[in-house]
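Position 1 is the first residue of the sequence; numbering continues from there. Quick note: numbers below take in every heavy atom, side chains included, and nothing from hydrogens, waters or symmetry partners.
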Amino acid sequence: LCSFSAVPSLQAARSAKMPLARDLLCPTAKSEQQKHKLKRLVQSPNSFFMDVKCRGCYKITTVFSHAQTVVVCKSCSTILCQPTGGRARLIEGCSFRRKQH
């Protein structure tokens, strides 16, 4: 995270001249998440893999966040997620956690 505390007069001069200016070198996390995946400061995908716990048998299944098919639990054959136009929608009662790289 950037800080211009060493030169307070420069920062004050910038904000006085341009009240609507944004810091392009140190964007906030919120503004970075709103940008397109290719227009971020460091490119990163919106999709991820996740471990989904079945609500019936508590078995864990790995599911892609943007799955395009219905994912079913292998042991009890209950539906874990439904595809939508973008991200897959988890069924109520299923818990998930994002997998690490």
Quiz prompt | Leu80 and Thr61, any side-chain heavy atoms less than 4.5 Å apart | solution =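 The answer is yes, as the side chains (C-beta and beyond) meet within the 4.5 Å cut-off.
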Quiz item: Is the closest side-chain heavy-atom distance between Cys81 and Cys94 below 4.5 Å?
Solution: no
Could you report the tightest heavy-atom contact between [X] and [Y], atom names first, then the distance?
X	Y	value
Lys59	Ser75	CG-OG, 3.6 Å
His66	Ser47	ND1-CB, 3.4 Å
Val71	Ala67	CG2-CB, 4.3 Å

Measure the spacing between [atom1] of [X] and [atom2] of [Y] and express it to the nearest 0.5 Å.
X	Y	atom1	atom2	answer
Ser65	Met50	OG	CE	6.0 Å
Lys53	Ser95	NZ	OG	5.0 Å
Gln82	Arg89	CD	CZ	8.5 Å
Ile79	Cys54	CD1	SG	11.0 Å
Thr62	Asp51	OG1	CG	4.5 Å
Arg55	Thr78	CZ	OG1	6.5 Å

Quiz item: Around atom NZ of Lys35, are there more than 12 heavy atoms of other residues, nucleotides or ligands at under 6.0 Å?
Solution: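 Yes, the 6.0 Å shell around NZ holds more than 12 heavy atoms from other groups.
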Practice problem: Give the C-alpha distance, both sets of side-chain angles, the deciding distance and a yes or no for side-chain contact (heavy atoms from CB on, under 4.5 Å) between Val52 and Ile60. | Solution: CA-CA 5 Å; Val52 178; Ile60 294 177; over 6 Å; no
Quiz item: What class does the angle between the rings of Phe96 and Phe48 fall in, given that below 30° is parallel, 30 to 60° is tilted and above 60° is perpendicular?
Solution: parallel
Exercise. Answer yes if Val63 and Val70 sit in the same cluster of Ile, Leu, Val, Met, Phe, Trp and Tyr residues linked by side chain heavy atoms under 4.5 Å apart, and no otherwise.
Key: no
Quiz item: Within the distance-only criterion (no hydrogens, no angle test), does the side chain of Glu32 pair as donor or acceptor with the backbone N or O of Leu41 below 3.5 angstrom?
Solution: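 Checking the backbone N and O of Leu41 against the side chain of Glu32, a donor-acceptor pair under 3.5 Å is found.
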